[in-house]
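Inspection log for the structure reproduced underneath, given as structure tokens.
Just so we're on the same page: letters track the sequence lines, and every chain starts at 1. Source: prediction; values computed, not measured.
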Amino acid sequence: MTIQINNVLTRQKSPFTPLEDNTVRIYVCGVTVYGRCHVGHLRCYLSFDAIVRYFAYKGYNVAYCRNFTDIDDKIIARAKEIEAGPEGEWRQAAAYADYDDAQWQTRLAEDDVIRNRAKADDRHLAEVVSDYFIDIFSNDDFGPFDLFPATSEPRVSQNIPEVIALIEQIIDNGYGYESCGDVYFDVAAYHEKTGQYGKLSGRDFKQMMDGARVAPGDKKRNAPDFALWKSAATGDPAWPSPWGDGRPGWHIECSAMSHKELGTPFDIHGGGKDLIFPHHENEIAQSEAGLGHAFCNTWIHNGFVTVDGVKMSKSLGNFISIQEALKMAPPEVWRMVVLGTHYASPIDFSRTRKETEGDETVRGTIDIAFDRVEYFYETLKRADEAVGADPISDDATVLADERGQAIIDTFEKMMDDDFNTARAMAVIGESMKYVNELCDMKAKQIKKLDGGKESWRRTLQKAATDLRVVLGALNLCKAKPEEALAAMRDFSAKARGIDAAKVEQLMLDRAEARKEKDWARSDEIRDALAAMGVELRDGVGGSDWKVARN
RNA sequence: GGCGCCGUCGCCAAGUGGUAAGGCAGAGGUCUGCAAAACCUCCAUCACCAGUUCGAAUCUGGUCGGCGCCUCCA
């Protein structure tokens with residue numbers, strides 16, 4: 001089956017065919033590195049990670065380019081704040097109004113590090129700012145998530161000649177003009193010639209022209225025009241160009257770097273929904289104006305992470321940083337959170353809470369996903385144990401049940417339909433249920449099965465193997481179940497301050513009591529453990545414990 | 001104001017013309033010393049109104065409500 005993708009550009013779901021052989025060339029707009037990443041960025045990277053991994057799973061070669069925008073007004077602004085120091089007036093800005101002491105402490109410590117590095121290496125502060133946050137991005141923030149490796153991670157600062165060359169082409173083709181050291185894209189000229197401006201975002205060019213006026217003193221001809229090159233103010237990072245010292249405008253870097261890294265036209269361009277306008281609209285316009293041919297075939301955009309229904313963003317200050325996120329749940333759980341929703345839909349972030357009316361507890365997205373990952377691992381563990389190490393007789397067949405036989409086919413069917421990871425997770429869950437059903441069977445029931453115990457084992461073996469294939473395709477549940485479960489228990493125990501040694505001791509006491517059928521004592525210990533937040537599971541091979549989630 | 005998206009069971013969330021996936025919570029059951037876990041069963045006609053159609057959650061128009069973009073933004 002071919003993959004169907006909902007293309008934002010055509011507003012249609014259509015079959016995907018690569019432009020070149022068996023290679024998928026995909027570009028995802030990366031971050032502007034002026035600060036730490038939040039869960040919204042995480043969602044973006046994990047959503048596209050699933051998409052890219054699925055292409056690889058289907059046998060495509062993947063050329064995956066993820067850029068860093070490391071030249072930008074915000075980076076310069078941050079550099080200026082650092083330069084002004086902790087007593088600077090910038091601290092009064094509205095953006096910092098909600099900062100608490102801890103946030104200030106982190107922020108100022110970070111500023112110190114950057115300031116000292118710049119001094120030691122004699123580099124421009126802005127340059128050190130972006131370096132610093134690229135490092136944070138790659139190691140602290142996304143290191144733990146084991147993302148599919150990008151084929152290239154270009155940075156604007158290392159592609160200035162390409163940027164300048166593209167701007168020159170745009171000017172040569174009559175779609176750009178210089179104005180007092182700046183260069184602007186002439187949207188009107190472009191639209192008159194091609195009628196293409198607004199095709200991605202569905203905006204009407206005429207209305208855009210009517211709707212906005214050029215402010216007096218503005219260097220642009222028309223309001224929709226945007227900067228390709230910005231002349232440098234004193235002290236700003238700057239590069240020489242035919243129009244004087246300056247830096248690339250926003251948008252142009254993605255055009256230049258995608259063209260260089262992937263070639264144009266390429267297959268897929270992605271990013272957050274908020275980039276559709278103006279970023280991606282402008283990217284298409286300037287690319288096609290400069291290159292003289294199509295830029296990219298398929299455009300896909302991920303939905304936002306919202307908090308209480310409102311978009312999570314740096315400017316609103318309602319974001320959860322990735323560092324905070326990692327304290328709430330391990331990386332794999334976050335992956336589960338993201339995969340539980342279709343990439344284009346919003347994910348409303350919520351934590352377990354008590355309903356205001358009544359005392360009912362509503363479980364949050366994170367906790368539910370945590371349990372789900374545990375359930376998957378527990379099921380795989382049961383299946384492994386049931387199959388055992390002994391060889392299975394050759395004539396054993398897989399039992400006739402779709403849930404066991406069609407795991408891979410069903411998974412692919414779901415994923416082929418616009419990467420519907422939510423449905424994929426649902427069918428995986430159904431198969432997990434089936435595995436548990438088989439594992440729950442008594443010897444007598446197993447004997448009655450068509451093919452008896454050997455078929456039962458064969459079926460479980462196949463199901464476990466296939467489940468690992470499809471989960472692995474999305475980079476889930478790759479660890480050994482026992483290890484993953486132990487790590488998750490440790491994580492929860494630590495978060496709740498549970499003393500594992502003490503729990504183990506109480507478990508031993510209880511085992512003793514149970515042996516003597518002292519149920520009162522046994523239950524007493526269970527209650528004590530419950531009060532600590534520990535849940536017991538008595539099994540045939542002894543008791544186990546886990547941290548209660550609520 | 002312009003453009004766009006959304007409104008599906010108490011909560012989360014799939015589903016773009018063929019008669020409502022899945023998860024959480026809840027109820028009942030199997031199992032268990034009792035529990036827990038696991039499994040089984042039950043639990044919605046899709047904001048509202050009017051159309052198109054043999055047939056609509058899915059298409060059209062309108063109403064109400066929410067959100068996003070239009071300035072930086074994953």
On the nucleotide [N], are OP1 or OP2 found under 4.0 Å from the side-chain N or O atoms that [X] carries?
X	N	result
N436(A)	rA37(B)	no
S345(A)	rA14(B)	yes
Y375(A)	rC39(B)	yes

Is there a side chain to side chain contact (heavy atoms under 4.5 Å, CB included) between Y197(A) and N282(A)? Walk through the geometry before answering. CA-CA 8 Å; Y197(A) 194 76; N282(A) 291 350; 2.4 Å; yes
Could you give the distance separating [M] and [N] at their [atom1] atoms, to the nearest angstrom?
N	M	atom1	result
rG28(B)	rC64(B)	P	44 Å
rU16(B)	rC5(B)	C1'	15 Å
rU8(B)	rU41(B)	P	27 Å
rG62(B)	rG1(B)	P	15 Å
rG26(B)	rG15(B)	P	28 Å
rU60(B)	rG22(B)	C1'	32 Å
rG65(B)	rC54(B)	P	35 Å
rA13(B)	rG7(B)	P	10 Å

Would you indicate what [X] reaches in the nucleic acid, counting non-hydrogen atoms under 4.0 angstrom: base, sugar-phosphate, or nothing?
X	value
K433(A)	sugar-phosphate
S201(A)	sugar-phosphate
K273(A)	nothing
K74(A)	base
E430(A)	sugar-phosphate
V28(A)	nothing
M414(A)	nothing
H38(A)	base
T341(A)	sugar-phosphate
G429(A)	nothing

Do Y45(A) and F142(A) have their ring centres less than 6.0 Å from each other?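 Yes, the ring centres sit under 6.0 Å apart.
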Of the nucleotides [options], which one has an atom closest to the side chain of [X]?
X	options	result
V310(A)	rA14(B), rG22(B), rG68(B)	rG68(B)
D274(A)	rC70(B), rC11(B), rA74(B)	rA74(B)
F277(A)	rA74(B), rA21(B), rC70(B)	rC70(B)
E437(A)	rC40(B), rC11(B), rG22(B)	rC40(B)

Under a 4.5 Å cut-off applied to non-hydrogen side-chain atoms, are Y96(A) and R91(A) in contact?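 The answer is no, as the side chains (C-beta and beyond) never meet within the 4.5 Å cut-off.
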Pairing check on [N]: which nucleotide meets the Watson-Crick or G-U wobble criteria with it, both distances under 3.5 Å?
N	value
rA27(B)	rU41(B)
rG61(B)	rC49(B)
rC54(B)	rG18(B)
rC69(B)	rG2(B)

Run the salt-bridge test on [X] and [Y] with the 4.0 Å N-O cut-off and return the result as yes or no.
X	Y	value
K230(A)	D236(A)	no
R335(A)	D146(A)	no
D73(A)	R247(A)	yes

Produce a footprint string for nucleotides 28-36 of chain B: one letter per nucleotide, 5' end first; B if the base is under 4.0 Å from any protein heavy atom, S if only the sugar-phosphate is, - if neither. -----BBBB
How long is the line joining CZ of R423(A) and C1' of rG23(B), in whole Å?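 Atom CZ in R423(A) sits about 14 Å away from atom C1' in rG23(B).
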Length of the CG-C1' vector between L485(A) and rA37(B), whole Å: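 Atom-to-atom, L485(A) to rA37(B), this comes out as 13 Å.
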Want to settle it: does R403(A) or P278(A) sit nearer the 5' end of RNA chain B, counting the closest nucleotide to each?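 By nearest-heavy-atom nucleotide position, the 5'-most residue is R403(A).
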Judged by each residue's nearest nucleotide on RNA chain B, which is more toward the 5′ side, N420(A) or R382(A)?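 In this pair, the answer is N420(A).
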Please list, chain by chain and in numerical order, all residues satisfying side-chain hydrogen bond (donor to acceptor under 3.5 Å, both in side chains) with E324(A), sequence neighbours excluded.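 Partners of E324(A) by the side-chain hydrogen bond (donor to acceptor under 3.5 Å, both in side chains) criterion, ordered by chain and then number, come out as S321(A).
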Which pair of non-hydrogen atoms, one from I75(A) and one from A126(A), has the smallest distance, and what is that distance?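 Here I75(A) and A126(A) meet closest at CG2-O, 3.5 Å.
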Mutual orientation of the aromatic rings belonging to F370(A) and F491(A) [parallel < 30°, tilted 30-60°, perpendicular > 60°]: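 If you compare the ring of F370(A) with that of F491(A), the planes turn out tilted.
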Ring geometry between F148(A) and Y64(A) (parallel below 30°, tilted from 30 to 60°, perpendicular above 60°):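 Tilted: the ring planes of Y64(A) and F148(A) meet at 30° to 60°.
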